[in-house]
Amino acid sequence: MPGLRIPELDGHDAAHRGRTSGFLMIRVRGLCKNFGGFRALDDLNLDVEPGQVLGLLGPNGAGKTTTVRVLTTLLAPDAGEVTVAGHSVRTDPESVRLSIGLSGQYAAVDEKLTGYENLVMVGRLYGMNRKSSAARAVELLDEFRLSDVAGKRAGAYSGGMRRRLDLAGAIVARPEVVVLDEPTTGLDPRGRLDTWAVISSLVGAGTTVLLTTQYLEEADQLADNIAVIDSGRVIAEGTADELKSRVGSERIDVVAAQSEGVDRAAAILARIASGAPEIDRSARKVSVAAPDGHHMLVRALGELEHEGVQVVEATLRRPTLDDVFLQLTGQRAQEQAAPAPSNATATGTSQDHEVLKA
Amino acid sequence: MSSLNAAIRDSSVIAERNLRNVIRTPGAMVTSVAQPVMFVLLLAFVFGGTLGGDQYRTFLIGGILAQTLTFNASFTAVYLAKDLQLGLIDRFRSLPMSRGAVILGRSTADLVTSLLSIAVTLMCGLAIGWRINNGLGPALLALGLLLLFTFAVSWVGAVIALTARSVEVAQSLGLIWLFPVTFISGAFVSVQSMPGPLRAFAEWNPVTAVATAVRELFGNAAPQGFAAPSGWPADNALLYAALCCAAIIAVFAPLAISQYVRISKR
Ligand SMILES: Nc1ncnc2c1ncn2[C@@H]1O[C@H](COP(=O)(O)OP(=O)(O)OP(=O)(O)O)[C@@H](O)[C@H]1O
Ligand SMILES: [Mg+2]
């Protein structure tokens with residue numbers, strides 16, 4: 001697993017930090033944050049090189065928003081060293097604020113102001129003059145497909161429009177570092193794609209981005225590096241490919257037409273592939289690791305046909321981040337319970353798959 | 001110097017934004033207009049007859065002004081708490097803007113609401129027989145004092161909002177203190193009529209000082225039956241009122257700003 005860092009195994013100063021020399025746009029070392037007796041961040045470490053996108057992935061309550069709030073100077077850390085664009089959030093928060101743009105988890109827009117007025121206000125507060133903040137507002141409204149509603153009060157916007165307006169606010173001043181807390185939550189597919197395009201163009205322009213997300217596909221699409229966090233700690237870190245290779249080989253998913261077919265399909269797959277298949281009865285789905293994917297899928301389909309098991313869908317896919325995520329966060333909890341085959345199967349999207357419809 | 005410029009610019013951006021909000025929330029304006037009208041009519045005609053008729057009506061206006069402007073602190077509290085609740089304060093705190101600007105912009109915008117309240121109160125006053133008897137100069141000074149006072153109390157409103165953190169709590173916290181503070185005062189009656197401790201409180205109450213100073217500047221005498229107040233605050237009402245405003249700002253402005261800076265560091 002080249003380059004993949006597993007903190008429990010190799011400590012904090014892994015070799016991958018040596019991949020590039022020099023300056024880190026975001027540098028977090030030993031960050032701790034307690035709320036009363038509760039430890040929300042527990043010795044968290046993050047690195048983001050200039051111009052890179054770090055995806056912060058984690059279940060609810062993992063500490064994503066808390067991390068974002070510390071990075072954006074909204075929350076003081078209890079311990080640890082946090083620098084953004086070379087400035088310490090502790091000793092030089094003013095310079096940090098000049099270097100960042102934030103879009104928080106919940107869109108913070110002034111509902112009584114129009115979309116245009118909201119953006120002009122933010123521009124002015126970044127120190128831009130009237131003229132350039134007005135020009136920038138028009139530009140961004142266009143970029144975020146809000147031109148039509150630019151003159152309407154934000155209170156009348158849909159959730160997705162609000163979200164986009166908030167996101168536009170984060171990049172008004174073209175900051176060096178943009179921090180986005182679940183930027184596409186609540187967006188429709190088109191809004192999500194638009195947002196991805198905007199983030200990609202930011203990266204193209206050299207902006208450093210830290211984004212948190214619940215969507216594994218999003219991290220996969222956008223992030224150069226992904227840090228999976230749970231209970232306030234980084235539990236895995238690496239590129240999407242590195243994380244996926246950690247789960248192992250390609251997988252075959254088979255969905256049976258009838259529920260009676262599920263067990264027979266599982267038996268066939270167990271015979272062909274290596275390892276015990278995962279069974280999701282409610283979805284009538286059987287999933288198995290397939291080291292020699294292509295051939296195994298062809299064989300599996302042949303035998304399923306031969307034994308008369310009707311199949312609705314058969315998929316050969318690379319492991320998704322869902323698989324990684326489940327393995328890292330879910331399975332750890334299950335380990336202590338029972339080693340029985342899990343019948344929870346990853347749902348969600350996978351990019352690199354071939355779908356054969358029966 | 002440039003940081004002062006930045007502070008002024010940031011505050012004016014926020015003030016402009018707040019004014020747009022106020023103008024676009026007609027419901028909130030109704031309160032700041034209707035409340036002084038209601039109190040003028042209520043006190044002038046329900047209590048007025050017993051307390052001195054026409055003379056009481058003239059006397060009343062200074063008191064209503066002091067009371068209404070004190071109540072406007074609750075607007076500051078509610079608006080600011082709303083910004084906090086909506087996450088706008090978080091957005092502002094992540095921007096490279098000066099630390100006091102959000103609250104200063106708030107109090108500045110609330111001055112405009114207060115001007116509206118003042119205008120409405122004086123109009124009602126004119127309708128029930130109140131007049132400026134001392135000339136324009138002192139009357140303008142009275143207006144200045146009223147604006148200073150409302151500016152001062154809006155910092156109290158800010159501290160309430162930042163302590164309350166939610167609109168609901170800010171609403172109730174922002175209101176309860178107003179009744180004792182405005183009624184245990186010389187706003188509507190002679191403080192001489194009150195029993196010992198209440199009287200001492202009323203004599204030194206800034207609301208009394210503002211009401212008294214404004215009456216003096218407008219040349220509005222107390223009704224004949226009212227015992228003339230005595231003591232240093234009564235004898236130096238204008239000076240004492242201005243000192244009170246300065247003291248309120250000196251205590252509550254730094255408190256509000258330090259709360260603002262730490263607001264999410266629970
Ligand atoms: N102000 C606070 N006071 C007390 N506890 C808090 C506070 N903020 C966060 N927490 C707790 O810290 C933990 C991490 O919260 P955080 O909001 O960072 O999670 P998250 O990863 O952003 O989750 P989500 O995906 O739900 O947004 C949670 O258990 C949360 O309850
Ligand atoms: Mg969150």
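Naming: A, B, ... by sequence-line order, numbering from 1 per chain.
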Sort [X] into side chain, backbone, both or neither according to what part of it lies under 4.5 angstrom from a heavy atom of chain B.
{"X": "Ala170(A)", "answer": "both"}
{"X": "Tyr106(A)", "answer": "neither"}
{"X": "Asp166(A)", "answer": "both"}

Residue among Gly101(A), Ser103(A), Gly104(A), Gly127(A) with most heavy-atom pairs under 4.5 Å to chain B: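 Highest number of pairs under 4.5 Å: Gly127(A).
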Set of side chain to side chain donor-acceptor pair (under 3.5 Å) partners for Arg145(A), sequence neighbours left out: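 Arg145(A) satisfies side chain to side chain donor-acceptor pair (under 3.5 Å) with Asp194(A) once adjacent residues are dropped.
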Does the side chain of [Y] come within less than 4.5 Å of [X]'s, by heavy atoms?
{"X": "Arg93(B)", "Y": "Thr72(A)", "answer": "no"}
{"X": "Asp110(A)", "Y": "Arg20(B)", "answer": "no"}
{"X": "Arg24(B)", "Y": "Arg153(A)", "answer": "yes"}
{"X": "Arg99(B)", "Y": "Glu94(A)", "answer": "yes"}

Working for side chain to side chain contact (heavy atoms under 4.5 Å, CB included), residues Leu86(B) and Val109(A): CA-CA 8 Å; Leu86(B) 287 176; Val109(A) 299; over 6 Å; no
Smallest separation among heavy atoms of [X] and [Y], with atom names:
{"X": "Gly87(B)", "Y": "Ala108(A)", "value": "O-CB, 3.3 Å"}
{"X": "Arg124(A)", "Y": "Asp10(B)", "value": "O-OD1, 4.4 Å"}
{"X": "Leu95(B)", "Y": "Arg97(A)", "value": "O-CD, 3.4 Å"}

Starting at [atom1] of [X], measure out to [atom2] of [Y] and round the result to the nearest 0.5 Å.
{"X": "Arg262(B)", "Y": "Leu74(A)", "atom1": "CZ", "atom2": "CG", "result": "15.0 Å"}
{"X": "Leu71(A)", "Y": "Ser94(B)", "atom1": "CG", "atom2": "OG", "result": "12.0 Å"}
{"X": "Lys112(A)", "Y": "Leu19(B)", "atom1": "NZ", "atom2": "CG", "result": "14.5 Å"}

Chain A contacts, top residue of Glu16(B), Arg17(B), Met97(B), Lys82(B) (heavy-atom pairs, under 4.5 Å):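 Most pairs with chain A among the choices: Arg17(B).
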Contacts of residues 132-141 of chain A with chain B (heavy atom under 4.5 Å):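 Near chain B, by residue number: none.
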